[in-house]
K.L.:
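Sharing a structure below in structure tokens format, with a few things to ask.
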Amino acid sequence: MFLFSGGDARKLLNILELISSQPQKKIIITNEAVTKLFQQKVALYDKGGEEHYNVISAFIKSIRGSDPNAAVYWLARMLDGGENIEFIARRMVILASEDIGNANPNALLLATNTFQAIQMIGMPESRIILSQCATYLASSPKSNASYMAIENAFAEVKKKGQLPVPLHLRNAPTKLMKQLDYGKDYAYAHSYENNFVNIEFLPEQISGTKFYEPGNNARENDLREFLKKRWKEKYNY
């Protein structure tokens with residue numbers, strides 16, 4: 001019992017409860033009896049309890065920490081316990097954007113395809129697809145820059161409220177709106193060199209505010225250089 005409980009008192013109690021629930025007049029606890037019971041594919045993994053959250057937490061943190069070996073171990077733990085495979089895949093889709101983002105845009109594509117693939121395949125073969133995705137994400141460069149960008153933007157919205165859209169960015173489907181200068185002075189980027197024109201896209205009150213700070217990785221350093229060439233000193237890239 002101590003082997004199967006892994007030193008967890010809660011699991012030990014679950015094992016005792018499981019053994020006592022067996023249809024027999026006299027309960028004799030032996031190593032052989034306990035082993036036989038768990039060879040019947042009775043999982044200790046409680047999908048609705050604390051262990052569920054502990055293991056998925058360890059799984060996500062292992063991928064974030066770039067350890068594919070730990071990631072597949074915790075993945076195996078979840079699968080062995082009967083965890084919902086869509087739940088696992090959904091968490092990897094979130095992680096691919098939150099913890100990898102533009103450092104490797106392919107991560108989100110693979111995670112999304114993984115979610116779709118396991119729905120078509122099911123278990124036990126989906127374990128291979130999930131393993132491929134988990135090891136890829138763990139081995140990928142990391143960046144939370146996209147996550148921080150939207151958090152920064154949310155904070156600004158809460159701080160300043162719903163600032164008005166600049167007139168030149170507004171849609172002007174009616175004559176009255178055009179008379180009010182909706183859409184006036186808007187410059188179509190594709191009509192300019194390098195498909196770029198330096199106009200203001202933020203409300204005047206927060207002009208020049210930088211929400212997205214590219215991470216220090218090969219892909220986002222390229223994005224930083226692109227933005228710096230376009231915006232010069234405006235956003236201090």
K.L.:
In chain order, what residues pass the side chain to side chain contact (heavy atoms under 4.5 Å, CB included) check against K61, with sequence neighbours excluded?
P.N.:
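Counting only residues at least two positions away or on another chain, K61 forms a side chain to side chain contact (heavy atoms under 4.5 Å, CB included) with S57, R64.
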K.L.:
Could you work out the complete set of other residues in the hydrophobic cluster of L109, with links drawn between I, L, V, M, F, W and Y side chains under 4.5 Å apart?
P.N.:
none
K.L.:
Once salt bridge (Lys or Arg N to Asp or Glu O under 4.0 Å) is applied, what residue pairs with a partner in residues 127-144 remain, sequence neighbours excluded?
P.N.:
none
K.L.:
Going only through I, L, V, M, F, W and Y residues with side-chain contacts under 4.5 Å, is there a path from I128 to L75?
P.N.:
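No; L75 is not reachable from I128 via cluster members.
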K.L.:
Taking all non-hydrogen atoms of both residues into account, name the closest pair between A96 and I100 and its distance.
P.N.:
O-CB, 3.3 Å
K.L.:
Among all residues two or more places apart in sequence or in another chain, which pass the side chain to side chain contact (heavy atoms under 4.5 Å, CB included) test with N113?
P.N.:
Q116
K.L.:
Just how far is it from atom CG of N221 to atom CG of N216, taken to the nearest 0.5 Å?
P.N.:
5.0 Å
K.L.:
By salt bridge (Lys or Arg N to Asp or Glu O under 4.0 Å), which residues pair with K232, not counting sequence neighbours?
P.N.:
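Salt bridge (Lys or Arg N to Asp or Glu O under 4.0 Å) list for K232, sorted by chain: empty.
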K.L.:
To the closest 0.5 Å, what do you measure between CE (M148) and OG (S143)?
P.N.:
10.5 Å
K.L.:
Look up atom CG in L95 and atom CG in N144, then write down how far apart they are to the nearest 0.5 Å.
P.N.:
11.0 Å
K.L.:
Could you tell me the separation between the NZ atom of K175 and the CE atom of M177, rounded to the nearest 0.5 Å?
P.N.:
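CE of M177 is found 14.5 Å from NZ of K175.
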K.L.:
For the residue pair N106 and Y136, establish whether any side-chain heavy-atom pair is separated by less than 4.5 Å.
P.N.:
yes
K.L.:
Answer yes if the ring centres of F201 and H168 are under 6.0 angstrom apart, and no otherwise.
P.N.:
no
K.L.:
Could you list who else is in F154's hydrophobic cluster, with ILVMFWY side chains joined at under 4.5 Å, directly or through other members?
P.N.:
I150
K.L.:
I'd like to know whether W74 forms a side chain to side chain contact (heavy atoms under 4.5 Å, CB included) with I56, so could you lay out the CA-CA distance, the side-chain angles of the two residues, the decisive distance to 0.1 Å, and finally the verdict.
P.N.:
CA-CA 7 Å; W74 295 117; I56 190 62; over 6 Å; no
K.L.:
Determine the minimum heavy-atom distance between A189 and V197, stating which atoms define it.
P.N.:
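Smallest heavy-atom distance, with atoms named: CA-CG1, 4.0 Å.
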K.L.:
Closest heavy-atom contact between A145 and Y212?
P.N.:
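Looks like CB-CE1, 3.7 Å.
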K.L.:
Between D67 (side chain only) and A70 (backbone N and O only), is there a donor and an acceptor less than 3.5 Å apart?
P.N.:
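Judged by distance alone, yes, a pair lies under 3.5 Å.
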K.L.:
Please report the shortest heavy-atom distance between L130 and A89, naming the atom on each side.
P.N.:
CD2-CB, 4.1 Å
K.L.:
Please report the shortest heavy-atom distance between S62 and A71, naming the atom on each side.
P.N.:
CB-N, 3.8 Å
K.L.:
Suppose the criterion is ring-ring contact (aromatic ring centres under 6.0 Å, His included): which pairs have a residue in residues 175-194, not counting sequence neighbours?
P.N.:
Y188-H190
K.L.:
I need the minimum non-hydrogen distance between E220 and P214, along with the two atoms involved.
P.N.:
O-CB, 3.5 Å
K.L.:
Mind checking whether L110 and M92 have side chains closer than 4.5 Å, heavy atoms only?
P.N.:
no
K.L.:
Test side chain to side chain contact (heavy atoms under 4.5 Å, CB included) on S207 and K234; report intermediate values, then the result.
P.N.:
CA-CA 9 Å; S207 176; K234 180 174 182 177; 4.2 Å; yes
K.L.:
Tell me, please, which residues at least two apart from F226 pass side chain to side chain contact (heavy atoms under 4.5 Å, CB included).
P.N.:
R230
K.L.:
Does V157 share a hydrophobic cluster with L202, counting links as ILVMFWY side-chain heavy atoms below 4.5 Å and allowing steps through other members?
P.N.:
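No.
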K.L.:
Taking only residues two or more places apart in sequence, or in another chain, which ones meet F196 in a ring pair (Phe, Tyr, Trp, His ring centres under 6.0 Å)?
P.N.:
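With sequence neighbours excluded, F196 shows a ring pair (Phe, Tyr, Trp, His ring centres under 6.0 Å) to W231, given in chain and number order.
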K.L.:
Apart from F115 itself, what residues make up its hydrophobic cluster when side-chain heavy atoms of I, L, V, M, F, W and Y under 4.5 Å apart count as a link, directly or indirectly?
P.N.:
V93, L108
K.L.:
Decide yes or no for P166 and E204: does some side-chain heavy atom of the first lie under 4.5 Å from some side-chain heavy atom of the second?
P.N.:
no
K.L.:
Hey, what do you get for CD1 (I88) to CD1 (I118), rounding to the nearest 0.5 Å?
P.N.:
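Reported value, rounded in 0.5 Å steps: 7.5 Å.
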K.L.:
If you count heavy atoms of other groups shown closer than 6.0 angstrom to CD of Q162, is the number above 12?
P.N.:
no
K.L.:
Among residues at least two apart in sequence or on other chains, which ones pass side chain to side chain contact (heavy atoms under 4.5 Å, CB included) with E213?
P.N.:
K210, R224
K.L.:
With S131 as reference, evaluate V72, T114, L79 under the side chain to side chain contact (heavy atoms under 4.5 Å, CB included) test and give the passing residue.
P.N.:
V72
K.L.:
Group every Ile, Leu, Val, Met, Phe, Trp and Tyr by side-chain heavy-atom contacts under 4.5 Å, then state whether I94 and Y147 land in the same group.
P.N.:
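No: no chain of side-chain contacts under 4.5 Å links I94 to Y147.
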K.L.:
If you round to the nearest 0.5 Å, how far is CG of N102 from CG of N104?
P.N.:
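Answer rounded to 0.5 Å: 10.0 Å.
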K.L.:
If the condition is salt bridge (Lys or Arg N to Asp or Glu O under 4.0 Å), which residues does E156 pass it with, not counting sequence neighbours?
P.N.:
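E156 satisfies salt bridge (Lys or Arg N to Asp or Glu O under 4.0 Å) with K160 only.
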K.L.:
Side chains of R170 and L167, heavy atoms from C-beta outward: is any pair under 4.5 Å?
P.N.:
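Answer yes - side chains close enough.
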K.L.:
Hydrophobic clusters here meaning ILVMFWY residues chained together by side-chain heavy-atom distances under 4.5 Å, can you tell me if V165 and I206 are in one?
P.N.:
yes
